[in-house]
Amino acid sequence: MSKFVRWLSSECASTLQALSRSATDNWWKEVLASPELFLALRGGYLNAYVKGQSVFKIGSERGNGLDQNGAPRVSIHYKYLVQPDLGKQDPYIRFDGLQFSVKPTEVVQTAYQPNITLSRLIKTASRFSGPEKTGVHEIAKKEGKVIDLEIAFSQSSDEGSSAPRMDLAVLIPNGPSHASLVFCEAKCADNPELSRLEKKDKKDESAIRRISVVAQIEKYKKYISDGGNKEDLITSYVKVCAMLTDLHSQGLARTPDPLIARVAKGEATLSIHPHVYLLVYDFTAEQRDGALGEQLELLRADDKLGNRIIAKGDAAQFDLAQDIQRLEKAISCKY
């Protein structure tokens, strides 16, 4: 597995800073000002996420992230360019057997218009998100200590589907001069991985099969507990904190918690929390008091999870950093 890294070239960072200071409207100033977007630092580039969908990839894994004209390399998946709606225009396009009667500019955005295009891209991209990613978006939007989303422990550009991938990472204060980074896995209550057994091990079919989410979190814990990986994670996330602090100075709408700047400046020493939290949401009181509640108790009893499960019916009810701190305190008092 590739080394975990987070960085953006100084050339690309400086160019974005210049765009943020421009007297004229531009796409970057609008990205910064959008309360719906979460900017996440990657290995050589930034992703602008809405509900788990990357609206823009800004920069590049190779080189300095600038094109031949000195502008940031920016890409977007073609599906997000489709207009979110056509107004009163007939949504059906005629086909005569040879050609489709359509003007591309009427159904696809082919040019960026300030104060118009970005909101349309966000609206279209949001439609590709399910309730689980929407829930993560709501949690991160509310919690200023969240510093990363869609975390794949891989350096590849598409961060391959086989790579371990966690939903979010949040800082929690750990004494006056320390901070812990807590990784979290999020699931809707109807996700079968909360109860389904993991796939059989083809190399050892007699091996005991665990509940899928338990096996998933064990894999994450194994990665973050490795000494070399832990060192890479700490180095990378100090850079993430520095980048978020810089983006805030450029006009980032999402206000980062002061703890992020303290980590960036070295005023708070960063460590990696040894446990991965499971967040469960999108359920009713009736479900909580029924089969779901029984399944959550079963999961809480599994020592592999260490009782680190937070369940709330609505994702918007999470106050993630405080929720984790309360549970950590309760666990420490118990033991």
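Numbers here are sequence positions counted from 1.
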Student: May I ask you to check whether S9 and N64 show a side-chain donor-acceptor distance below 3.5 Å?
Tutor: no
Student: Does NZ belonging to K265 count more than 12 external heavy atoms closer than 6.0 Å?
Tutor: no
Student: Between E138 and K51, does at least one N-O distance fall below 4.0 Å, as a salt bridge requires?
Tutor: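 Here E138 does not pair with K51 in a salt bridge, since their nearest N and O are not under 4.0 Å apart.
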Student: Answer with yes or no whether the hydrophobic clustering places V82 together with I122; edges join I, L, V, M, F, W, Y residues whose side-chain heavy atoms lie under 4.5 Å apart.
Tutor: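 Unlinked, V82 and I122 end up in two clusters.
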Student: Hey, are the side chains of Y237 and L171 touching, using non-hydrogen atoms and a 4.5 Å cut-off?
Tutor: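 No, too far: nothing below the 4.5 Å cut-off.
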Student: Would you say I76 and L32 are hydrophobically clustered, going by side-chain heavy atoms of ILVMFWY under 4.5 Å?
Tutor: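 Same hydrophobic cluster.
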Student: Between E61 and G44, is there a donor-acceptor pair closer than 3.5 Å when you use the side chain of the first and the backbone of the second?
Tutor: no
Student: Roughly how far, to the nearest 0.5 Å, is OH of Y223 from CD1 of I272?
Tutor: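 Going from the CD1 atom of I272 to the OH atom of Y223 covers 10.5 Å.
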Student: Is there a donor-acceptor contact under 3.5 Å from the side chain of D319 to the main chain of Q322?
Tutor: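 Flag not set: sc D319 to bb Q322 has no pair under 3.5 Å.
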Student: Considering non-hydrogen atoms only, spot the tightest contact between L320 and C184 and give its length.
Tutor: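 Heavy atoms only, the tightest pair is CD2-SG, 4.2 Å.
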Student: Can a donor-acceptor pair be found, under 3.5 Å and without considering hydrogens, that links the side chain of R288 to the backbone of G293?
Tutor: no
Student: Taking atom types as modelled and ignoring hydrogens, do the side chains of Q17 and D246 form a donor-acceptor contact shorter than 3.5 angstrom?
Tutor: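 There is such a pair (donor and acceptor under 3.5 Å, judged by atom type) between the side chains of Q17 and D246.
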Student: Identify the two heavy atoms, one from Q83 and one from V108, that lie closest to each other, and give their separation to 0.1 Å.
Tutor: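 Answer, listing the atom of Q83 first, then V108: CG-N, 4.1 Å.
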Student: Under a plain distance cut-off of 3.5 Å, with no hydrogens placed, do K79 and Q53 share a side-chain donor-acceptor pair?
Tutor: no
Student: Is a donor on one side and an acceptor on the other found under 3.5 Å between the side chain of E143 and the backbone of A321?
Tutor: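 At least one qualifying donor-acceptor pair exists.
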Student: With no hydrogens and no angle check, do the side chains of N47 and E150 hold a donor and an acceptor under 3.5 Å apart?
Tutor: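 Short answer, no.
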Student: Restricting to non-hydrogen atoms, name the atom on S212 and the atom on E193 that form the minimum distance, rounded to 0.1 Å.
Tutor: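 That closest heavy-atom pairing would be CB-O, 3.7 Å.
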Student: Given side chain to side chain contact (heavy atoms under 4.5 Å, CB included), test I139 with Y281 step by step and report yes or no.
Tutor: CA-CA 10 Å; I139 294 169; Y281 47 82; 4.0 Å; yes
Student: Side chain of S20, backbone of K29: donor and acceptor closer than 3.5 Å?
Tutor: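 Checking the backbone N and O of K29 against the side chain of S20, no donor-acceptor pair under 3.5 Å is found.
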Student: Do R262 side-chain atoms and A268 backbone N/O form a donor-acceptor pair below 3.5 Å?
Tutor: no
Student: Does the side chain of V213 come within less than 4.5 Å of N191's, by heavy atoms?
Tutor: no
Student: Please confirm whether the backbone N or O of H178 pairs with a side-chain atom of N174, one donor and one acceptor, at under 3.5 Å?
Tutor: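 Answer holds: no.
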Student: Taking the six-membered ring for Trp, are F100 and F95 parallel (under 30°), tilted (30 to 60°) or perpendicular (over 60°)?
Tutor: parallel
Student: Could you check whether any side-chain heavy atom of V170 comes within less than 4.5 Å of a side-chain heavy atom of I147, counting everything from C-beta outward?
Tutor: no
Student: Judged by atom type as modelled, is there a donor-acceptor pair below 3.5 Å linking the side chain of D303 to the main-chain atoms of G306?
Tutor: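 No, the answer is negative, given that no donor and acceptor are paired below the 3.5 Å cut-off.
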Student: Do Y49 and F38 have ring centroids that are under 6.0 Å from one another?
Tutor: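 For F38 and Y49, the ring centres are not under 6.0 Å apart.
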Student: Ion pair present between R42 and D148, side-chain N to carboxylate O less than 4.0 angstrom?
Tutor: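 Yes.
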Student: Hey, what do you get for CG (L233) to CZ (R6), rounding to the nearest 0.5 Å?
Tutor: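 Atom-to-atom, L233:CG and R6:CZ are 9.0 Å apart.
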Student: Roughly how far apart are R73 CZ and C12 SG, rounded to 0.5 Å?
Tutor: 10.0 Å
Student: Hey, does the side chain of D96 reach the backbone of Q99 with a donor-acceptor pair shorter than 3.5 angstrom?
Tutor: yes
Student: Would you call D323 and K312 a salt bridge, taking side-chain N to carboxylate O under 4.0 Å as the test?
Tutor: yes
Student: Would I151 and Y220 satisfy side chain to side chain contact (heavy atoms under 4.5 Å, CB included), going step by step from the backbone distance to the final call?
Tutor: CA-CA 11 Å; I151 307 150; Y220 298 158; over 6 Å; no
Student: I would like to know whether K187 and Q216 meet side chain to side chain contact (heavy atoms under 4.5 Å, CB included); could you show each step before the answer?
Tutor: CA-CA 12 Å; K187 302 287 186 191; Q216 185 180 12; 3.0 Å; yes
Student: How far apart are the closest heavy atoms of L270 and S180, and which atoms are they?
Tutor: CD1-C, 4.4 Å
Student: Report yes if the side chains of H273 and E328 come closer than 4.5 Å at any heavy-atom pair, otherwise no.
Tutor: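 The answer is yes; the side chains approach within 4.5 Å.
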Student: Would you say K304's side chain and A215's backbone share a donor-acceptor pair under 3.5 angstrom?
Tutor: no
Student: What are the two closest non-hydrogen atoms of A186 and V136, and how far apart are they?
Tutor: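 Result for this residue pair: CB-CG2, 3.6 Å.
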Student: Consider only side-chain heavy atoms of I, L, V, M, F, W and Y, link residues closer than 4.5 Å, and tell whether M243 and V238 are in one cluster.
Tutor: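 Both belong to a single hydrophobic cluster.
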Student: Look at the side-chain heavy atoms of Ile, Leu, Val, Met, Phe, Trp and Tyr, link any pair under 4.5 Å apart, and say whether L19 and Y112 land in one connected group.
Tutor: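 Same cluster: L19 reaches Y112 through Ile, Leu, Val, Met, Phe, Trp or Tyr contacts under 4.5 Å.
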Student: Compare every heavy atom of H248 with every heavy atom of T255, then report the nearest pair and how far apart it is.
Tutor: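 The pair with the smallest heavy-atom distance is CG2-CE1, 4.1 Å.
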Student: Indicate yes or no: at least one non-hydrogen side-chain atom of Q250 is less than 4.5 angstrom from one of W28.
Tutor: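 Yes. Closest side-chain heavy atoms under 4.5 Å.
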Student: Quick one, W27 and L121 - any side-chain contact, counting heavy atoms below 4.5 Å?
Tutor: no
Student: If I take atom CG from residue D25 and atom CD from residue E30, how far apart are they, to the nearest 0.5 angstrom?
Tutor: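 If I round to the nearest 0.5 Å, the distance is 6.0 Å.
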Student: Is there side-chain contact between L16 and L8, with heavy atoms separated by less than 4.5 Å?
Tutor: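 Yes, side chains in contact.
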Student: Is the closest side-chain heavy-atom distance between L305 and R300 below 4.5 Å?
Tutor: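 Contact flag for L305/R300 side chains = no.
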Student: Answer yes or no: does atom CD of E267 have more than 12 heavy-atom neighbours from other residues, nucleotides or ligands under 6.0 Å?
Tutor: yes
Student: Decide, yes or no, whether a salt bridge links K133 with D167 under the criterion of side-chain N to carboxylate O below 4.0 Å.
Tutor: yes
Student: Hey, what do you get for CG (D289) to CZ (F283), rounding to the nearest 0.5 Å?
Tutor: 9.5 Å
Student: Could you walk me through whether L194 and I211 satisfy the side chain to side chain contact (heavy atoms under 4.5 Å, CB included) test, starting with their C-alpha distance in whole Å, then the side-chain angles of each, then the deciding distance to 0.1 Å, before giving a yes or no?
Tutor: CA-CA 7 Å; L194 292 175; I211 296 174; 5.9 Å; no
Student: To the nearest 0.5 angstrom, please state how far the CZ atom of R165 sits from the CD atom of E185.
Tutor: 11.0 Å
Student: Looking at Q89, I'd like to know if its CD atom is crowded, meaning that more than 12 non-hydrogen atoms belonging to other residues, nucleotides or ligands lie closer than 6.0 Å.
Tutor: yes
